[in-house]
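Data block below; observations after.
Proteins come first, then strands; the chains are lettered A, B, ... in the order of their sequence lines, and each starts at number 1.
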Amino acid sequence: MTDDELRELLALAALNALDPDEQRSVDTAIAGRPDLRSELDELRIAAAQLAESEAATPPAGLKASILAEIAVTRQSATGGATEPPRSRAKAVSMRRSWTAGVAAAVAVVAAIGVAIWSASDSSPEVAEQIEAVFALPDVEALELHGDVDGVRILHSPSSTAAVLVDDDMPDPGDDRAYQLWISRDGIVTPANVFRPDSDGHVEVLLEDFQPVGAVITVTLEPAGGSDQPTGPAIASSD
Amino acid sequence: MARVATGDRGAFDALYDHLSPPVFGVVLRVLRDPDQAQEVAQEVFVEIWKHAGRFDGDRASARTWAVSIAHRRSVDRVRSEQATRDRAHRVDLHAAGEPVPTPADMVFQRFEQRRAADALEALSDAQREVIQLAYYEGLTHTEIAHRLRIPLGTVKTRARDALAALRRRLGSER
């Protein structure tokens, strides 16, 4: 999307009048663009005036109900990053190497709980965390290259949460899924298994993403994911 | 807001008094159903509580932030068409006492309300129509184009011009 096309959509975004696909494209495109984000902020401030003309006294009891709920609701940490639970590491040998520099005998460590995500079945909690990543002021896009285009990971030095996005990813078929791998110092760690939605959109929350010194690769795997890469690498940061 | 982020429930209580009229108002306007409006307003305030640490005062006021969350949630609810009216409230809403806004809050509220009404008046009829369908009815721009039988590009232009007008008004008062 060009800057002009984006700017055209910002007013509609501030009014929450975009279709979900467009909203997602705008969210993705403005991540890492402070100029566009501050323009959207200004438009939201203008739009917020529209709420003021409708101000109404809430019903009796709403406040008590809210105070009762927050008394038992934990606040999230600043920046929205959450500590993911780490499962016990296990080492298995890898059958074949799939990126340069990874020897045949390197250990594969299963460190991150493997979950299957698709853009359509994100819980509200995950959707919120994804939005929080898009909203980080210092978010950067890491582009992966390969047979499949447009795979990007939006991440930020100030948070361990990141989001893998793509607007047009091919359907892997019913019995296959994509899987993300992080390799660092010869250790290959399996990460999220995911599928695009029917429109090819992908938005995957990566809870503990630390790209420094790592090679990030996406492979095609059996539907449930693998302990070690078995399929071809379809996109990589290398 | 900074105090709310540290878990200060007293600060949250005061924040509620300050922000509940525009938050409840916009939710009610979009949803039109008082029961659903209460549910969504509750979700909004719980979200504000949970994520107060993410609030960035450099980007917008707490009021704008709260209202934006409220509007987004209301529109999502309208679109998902989940009329979950039968969901039980955690606390009987009618059993608790009246909220007591402070006189300062009430004066401020009247001031904000008048200012916003003036701003809407300043829009052209065509702009106001698009704004009303988008912001208050929760329609997407595609739906607005169908409803008004105008091209998508016209909806975009009117929305953009209307917000630009509202923005200029704000700017002139600063």
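Relative ring orientation between H71(B) and Y135(B) is described as parallel, the plane-to-plane angle staying below 30° on a 0-90° scale split at 30° and 60°. Between F55(B) and W65(B), the ring planes lie tilted relative to each other; the angle falls in the 30° to 60° range.
Within the 4.5 Å cutoff, no side-chain heavy atoms of K63(A) are placed close to those of S20(B).
Proximity to chain A (any heavy atom under 4.5 Å) is restricted, for I131(B), to the side chain, taken from C-beta onward. Contacts of D13(B) with chain A are made by both backbone and side-chain atoms, with heavy-atom separations under 4.5 Å. With a 4.5 Å cut-off on non-hydrogen atoms, T6(B) touches chain A through its backbone but not through its side chain. In this structure, chain B has a heavy atom under 4.5 Å from the side chain of L67(A), while its backbone stays farther away. Proximity to chain B (any heavy atom under 4.5 Å) is shown, for L10(A), by neither the backbone nor the side chain. Of the two parts of E47(B), only the side chain, counted from C-beta on, holds a non-hydrogen atom closer than 4.5 Å to a non-hydrogen atom of chain A. The contact between A5(B) and chain A is made entirely by backbone atoms, counting heavy-atom distances below 4.5 Å. The parts of T73(A) that come within reach of chain B are both its backbone and its side chain, each placing non-hydrogen atoms under 4.5 angstrom from that chain. Only the side chain of R29(B) comes within contact range of chain A, judged by heavy atoms closer than 4.5 Å. Residue R74(A) touches chain B through its backbone alone, counting heavy-atom pairs closer than 4.5 Å.
Nearest approach of Y178(A) to P170(A), heavy atoms of both residues: OH-O, 2.7 Å. Considering all non-hydrogen atoms of both residues, A52(B) and Q75(A) come closest at CB-NE2, 4.4 Å.
A side-chain donor from one of S61(B) and T64(B) sits under 3.5 Å from a side-chain acceptor of the other. Checking T28(A) against D167(A) by side-chain atom types alone, no donor-acceptor pair falls below 3.5 Å.
Among A17(A), A46(A), A48(A), the residue making the largest number of heavy-atom pairs under 4.5 Å with chain B is A17(A). Taking V67(B), L163(B), V26(B) one by one and counting their heavy-atom pairs under 4.5 Å with chain A, the maximum is reached by L163(B). No other option in L43(A), D41(A), L9(A) has as many heavy-atom pairs under 4.5 Å with chain B as D41(A).
In this structure, the side chain to side chain donor-acceptor pair (under 3.5 Å) partners of R160(B), at least two apart in sequence or on a different chain, are E8(A).
With E43(B) as the fixed residue, the salt bridge (Lys or Arg N to Asp or Glu O under 4.0 Å) test singles out one of K50(B), R72(B), R73(B): R73(B).
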